[in-house]
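Presented below is the structure to which this report refers.
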Amino acid sequence: MTDIHQDPGAATRQEPGATSRRVIQEFWRLRWVAVAVALVGSFVYWPIIDNFRVSLTHQDIFTGETSPAGLENYRRLTEDPVIGLALWNNLAYAVISVLFQVFGAFLLAAIIEGLGSPRARAFWRAVYFIPSAISTTVTGLLFYFIYQPGMGLMDGVLQGLGLGAWSRVWLGDPDTAIYAIIAMSQWQGFGYAALLFSVAIQKIPAELYDAARMDGAGALRQIWSITLPMTREMTGLMVIITVTGAFQVFNEVMVMTGGGPNNASQVLGTWLYEQGFNQNDMGYAAAIGSLIFAVTMACGLAQLWLNARRRVT
Amino acid sequence: MRLIPLAALLAVLSTPLAAETLVADPAAPVTHEGNLRVMTKFGSERLRPYFETLAAAYMAAHPGVTIELIQEDDDSVKAKTKTLLASNAMPDVFFSWTGTWGGNLVRGQRAVDLTEVLDSDWGKTLAPSAVDAFAYGGKKYGVPLYLDAKFMGYSKPIFAEAGIEVPETFEDLLAACDTLKAKGITPIAVGNKSPWVGLHYVGQMLAHDVPRAVLEADFDPATATYTDPGYVTTLNRLSELAARCTVGPEMNGIAYQSALQMLSDGKAAMYYQEIIEFDNSASASTVLKPEEFGHFILPAPKEAKGDPMALEGAPEGYMISTASENVPLALDFLKFATTPENGKLLSAPPYGQPSAVVGGADPATMNPSVVGGLQDIAEASYLIQWLDTVNHPKVATAWLNGSQALLGGTMTAEEVMEGVRAAAEDAK
């Protein structure tokens with residue numbers, strides 16, 4: 001019988017220098033991500049930090065002079081009436097976009113993917129996606145003509161339906177300008193969102209639907225009990241993308257109204273631009289940029305947290 | 001107290017980026033070598049070929065020179081300039097308005113002092129009043145390229161058909177509008193989606209209602225009060241003009257290009273425009289032909305308290321960047337751009353930009369209305385500059401937003417002026 005004597009310290013005793021070698025190896029492995037980290041750090045994180053630095057200063061574009069401002073620009077945020085209006089407009093953009101580009105697009109995708117013919121499915125996907133392939137500037141110009149008072153398609157349709165009294169100066173009326181822009185944005189983004197949902201729906205195993213049909217579930221029941229829960233992660237992602245996109249919106253408003261009339265359609269992005277490039281107030285513009293970052297970050301984190309709690313496993 | 005080191009850090013980082021003001025030497029030798037970046041406001045399809053032609057001719061004459069053109073339009077040149085300023089990448093030669101816009105560039109030491117050059121023989125080939133418009137603190141910083149002013153363009157056939165004469169007073173203009181409306185014709189096409197359109201009316205009308213000395217004191221942020229009752233008078237007159245002569249609040253949903261097109265298509269009797277747009281309003285390809293196009297200065301009311309002979313307008317021109325590595329070459333290019341021959345090319349269709357060069361306009365090759373407009377500019381008692389470039393940016397924005405809201409029917413004249421006064425106070 002062989003007596004196997006085990007040294008109780010063997011498991012924890014290491015060769016001299018093993019720890020430092022392991023650390024070096026760990027760092028050496030990081031070389032594969034170093035380039036990506038450097039790029040992301042330079043072009044994403046550093047600008048965020050630098051924007052915050054600029055927000056604590058007064059800057060004059062013409063002279064290039066900078067002076068410390070402390071938290072003055074953030075105090076101004078709380079007193080600027082246009083900030084409240086812009087936040088409201090961004091919020092309206094977000095809510096309406098979630099309704100149309102998440103829930104509406106989901107329903108559309110479910111209907112399209114429920115079609116029997118593959119050719120019909122491909123056709124309708126393409127039909128709804130085409131507006132997303134048009135640039136915002138072109139879309140803005142197109143909708144400008146649609147909304148044009150008196151001569152536009154919108155007024156023409158209303159007149160044709162006997163609803164001439166509903167005719168408005170869609171882009172020139174403070175009460176309707178932002179909603180006219182939001183409507184254009186839904187038209188443009190709806191198909192893209194539907195396409196993403198289509199991809200998610202295509203990944204759902206067909207057996208689930210077969211089983212549901214055998215149990216007597218109708219189309220609506222299948223959407224509610226299978227499609228919706230099985231695409232929950234895509235829905236969560238779309239909500240994050242749509243909400244953050246709604247708070248970063250710029251092009252659509254700039255092209256359609258420039259934030260007018262009388263600031264009625266300002267959103268945070270256009271107000272930032274107005275302050276920085278028209279009012280020569282880069283410090284305050286940077287403070288608005290920090291506000292946009294904080295809002296979108298908060299929305300994103302909230303959505304991720306909610307999504308994690310509801311994840312289907 | 002953590003803010004203290006942060007403030008110290010920021011103070012260290014607060015290094016002025018602008019270069020020091022340079023003074024151009026008229027006797028400096030020109031080396032025709034290297035690159036020249038030129039930013040213009042001629043980005044539209046109609047105007048773009050002018051600088052392309054100039055650049056090609058200059059490069060052909062001087063093979064060692066390469067000219068890079070950055071052609072922007074009326075709106076985009078503002079943002080482009082500020083972006084280039086912020087990144088210290090101003091082109092060698094760049095467009096500038098007069099007034100506060102040019103003043104800011106001078107204040108920031110971004111423009112070369114051209115006083116000695118413009119006081120030399122070459123400077124005397126340019127219209128003196130246009131050169132003086134680019135003077136700040138007694139020094140001259142800009143080379144005026146063309147003159148600009150605002151006129152009411154009208155369709156002679158529509159006026160004749162309606163039996164109306166060119167109005168001599170503001171009251172006559174309103175009466176003419178009533179006649180045209182009664183005949184189912186849109187009297188004045190206005191597209192105020194970009195609010196500077198309405199503000200140009202305000203500028204001309206202010207010259208009629210507010211004494212010049214008051215206006216000039218109010219344009220200076222240090223002395224601005226905006227309390228003269230003439231301001232409210234002007235805005236109320238504008239409201240009346242909008243109600244009797246235009247489509248009303250709908251104008252805020254119409255682009256100015258669409259409104260101009262209405263005059264060109266013979267669908268409106270008048271359109272308020274800059275002289276540099278005359279060749280765009282009426283040409284061989286439009287319904288309204290050049291010989292059918294007329295113009296007049298927006299008339300003053302009978303009881304004008306300001307200057308009834310004043311005209312809204314200003315020359316527009318080019319500055320040389322203090323960051324330029326070849327100021328003599330940049331200056332040589334500007335001299336080339338302002339030869340009488342190139343002035344005549346600029347003044348004639350399709351460009352129709354009345355040159356600021358003395359002898360740079362040939363009536364034989366120009367639209368007769370442009371020739372007439374130039375005469376009106378020469379006879380004007382005072383040129384009131386554009387409100388959105390002469391004022392501090394905060395005040396300009398208050399004017400732009402307020403006038404658009406007034407024309408949209410959502411603000412009163414008094415409310416607009418409250419906003420302007422608040423902005424003026426803020427700008428101090």
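Because the structure is predicted, anything quoted here is derived from the model rather than measured. In the text below, chain A, chain B and the rest are named by the order of the sequence lines, each starting its count at 1.
Heavy-atom neighbours of Y192(A) OH from other residues, nucleotides or ligands within 6.0 Å: at or below the threshold of 12.
In this structure, Y318(B) has its ring center at least 6.0 angstrom away from the ring center of F94(B). In this structure, the ring of W196(B) has its center less than 6.0 angstrom from the ring center of Y256(B). Y179(A) and W170(A) have their aromatic ring centers separated by at least 6.0 angstrom.
Summarising the geometry of G142(B) relative to M319(B), their closest heavy-atom pair is CA-CG, 4.1 Å, with the distance given to 0.1 Å.
Only the side chain of M411(B) comes within contact range of chain A, with at least one heavy atom under 4.5 Å from a heavy atom of that chain. For a residue to count as touching a neighbouring chain, one of its non-hydrogen atoms must lie under 4.5 Å from one of that chain's; by this rule Q404(B) touches chain A with the side chain only. Looking at P261(A), both its backbone and its side chain come within 4.5 Å of chain B, counting heavy atoms on both sides. Heavy atoms of F277(A) lying under 4.5 Å from chain B belong to its backbone as well as its side chain. Contact of D281(A) with chain B is made through the side chain alone, with heavy-atom distances under 4.5 Å. In this structure, chain A has heavy atoms under 4.5 Å from both the backbone and the side chain of T83(B). Of the atoms belonging to Q59(A), not a single heavy atom falls under 4.5 Å from chain B.
Note: W386(B) and H200(B) have parallel aromatic rings, judged against thresholds of 30 and 60 degrees for the angle between ring planes.
Looking at K41(B) and D74(B), a side-chain N of the basic residue comes within less than 4.0 Å of a carboxylate O on the acidic one, giving a salt bridge. R168(A) has no carboxylate O lying under 4.0 Å from a charged side-chain N of D155(A), or vice versa, which leaves the two without a salt bridge.
A cation-pi arrangement, defined by a distance under 6.0 Å to the six-membered ring centre and an angle within 45 degrees of its axis, is absent between K78(B) and W101(B).
A donor-acceptor contact closer than 3.5 angstrom is absent between the side chains of T137(A) and N251(A).
The candidate from N280(A), L171(A), N263(A) with the greatest count of non-hydrogen atom pairs under 4.5 Å with chain B is N263(A). Looking only at heavy-atom pairs under 4.5 Å with chain A, the residue among N104(B), T397(B), L105(B) that has the most is N104(B). The choice from G419(B), S258(B), A396(B) that makes the most heavy-atom pairs within less than 4.5 Å of chain A is S258(B).
The side-chain contact (heavy atoms from CB on, under 4.5 Å) test with F247(A) singles out one residue from T244(A), V249(A), V243(A), and that residue is V243(A).
Applying a 4.5 Å heavy-atom cutoff, the residues of residues 72-79 of chain A that approach chain B are R76(A).
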